[in-house]
Amino acid sequence: AGGTGITPFISLFTDCSFKEYINPVLYFGIRSKKYNIFESELEEAVKLNKNFQVKIVDQSLSGNLSIDQIFANYPYSTYFLSGPPMMIKNFKNFLLDHEVPMSKIISDDWE
């Protein structure tokens with residue numbers, strides 16, 4: 001999720017049904033620490049699902065989210081993408097180029 005792209009996921013992460021997800025991982029790209037406005041919701045989500053991993057990528061410190069690094073760590077996953085349109089397009093193209101089936105790429109496209 002990039003920036004406000006995390007918004008569609010927050011209701012899932014904080015719902016009691018979230019504990020049923022097996023080893024979910026969130027990569028959340030933010031411009032800087034002050035833009036992490038969902039910190040308390042993410043902490044609540046970790047309490048609901050002890051296997052939930054939250055990886056914050058602070059653009060001011062380490063650059064943008066990197067789909068190639070995410071893919072290297074989780075090549076056989078289902079990918080839920082939400083964020084700026086260019087990010088979604090680039091991530092989707094990368095995953096398709098790496099033979100991830102379209103059925104494993106779910107995006108919240110917005111403009």
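The chain is numbered in sequence order, starting from 1.
Leu65 pairs in a side-chain contact (heavy atoms from CB on, under 4.5 Å) with only one of the listed residues (Asn90, Val57, Ile30), which is Val57.
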Apply ring pair (Phe, Tyr, Trp, His ring centres under 6.0 Å) to Phe52 and Phe18, showing your working.
-> CA-CA 9 Å; Phe52 184 38; Phe18 184 60; 4.9 Å; yes
Could you walk me through whether Lys55 and Val25 pass the side chain to side chain contact (heavy atoms under 4.5 Å, CB included) check?
-> CA-CA 7 Å; Lys55 300 177 186 254; Val25 179; 3.9 Å; yes
From CA spacing to verdict: side chain to side chain contact (heavy atoms under 4.5 Å, CB included), Thr7, Phe38 | CA-CA 9 Å; Thr7 306; Phe38 293 107; 4.0 Å; yes
Can Ser107 and Lys92 be said to form a side chain to side chain donor-acceptor pair (under 3.5 Å), step by step?
-> CA-CA 8 Å; Ser107 61; Lys92 204 180 279 188; 3.0 Å; yes
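Proximity of Ser11 to Phe13: side-chain heavy atoms (C-beta onward) are nowhere separated by under 4.5 Å. For the pair Leu12 and Tyr21, the minimum side-chain heavy-atom distance is below 4.5 Å. You'll find the side chain of Val46 stays beyond 4.5 Å of the side chain of Glu43, heavy atoms only. Taking the side chain as every heavy atom from C-beta outward, Ile105 and Thr78 never approach each other to under 4.5 Å. Using a 4.5 Å cut-off on side-chain heavy atoms (C-beta onward), Ser32 and Asp58 make contact. Between Leu42 and Phe28, some side-chain heavy-atom pair lies under the 4.5 Å cut-off.
The two residues Asp108 and Pro8 come nearest to each other via the heavy atoms OD2-CG, 3.0 Å. Scanning both residues, His98 and Phe94, for their nearest heavy atoms gives ND1-O, 2.8 Å. When all heavy atoms are compared, the tightest approach of Glu39 to Asn36 is N-OD1, 3.5 Å.
For the atom pair CD1 of Ile70 and CG of Leu81, the computed distance is 8.5 Å after rounding to the nearest 0.5 Å. Atom CE of Met87 sits about 9.5 Å away from atom CG of Asn64, to the nearest 0.5 Å. Taking CG of Leu96 as the start and CZ of Phe91 as the end, the distance is 13.5 Å to the nearest 0.5 Å. The distance from atom OG1 of Thr14 to atom CG of Leu48, rounded to the nearest 0.5 Å, is 7.5 Å. Annotation: the span from Glu44 atom CD to Asp15 atom CG amounts to 10.0 Å, rounded to 0.5 Å.
Cluster membership for Phe80 and Ile67, using ILVMFWY side-chain heavy atoms within less than 4.5 angstrom, is not shared. Hydrophobic clustering (ILVMFWY, side-chain heavy atoms < 4.5 Å, transitive): Ile106 and Val100 are in distinct clusters. Leu95 is connected to Tyr27 through a chain of hydrophobic side-chain contacts under 4.5 Å among Ile, Leu, Val, Met, Phe, Trp and Tyr, so both are in one cluster. The hydrophobic clustering, which links ILVMFWY residues whose side-chain heavy atoms are closer than 4.5 Å, places Tyr74 and Met102 together. The same ILVMFWY cluster, assembled from side-chain heavy atoms under 4.5 Å apart, contains both Ile56 and Ile10.
For the pair Ser62 (side chain) and Gln59 (backbone), a donor-acceptor distance under 3.5 Å is absent. Asn49 places no side-chain N or O within donor-acceptor distance of the main-chain N or O of Ala45, the cut-off being under 3.5 Å.
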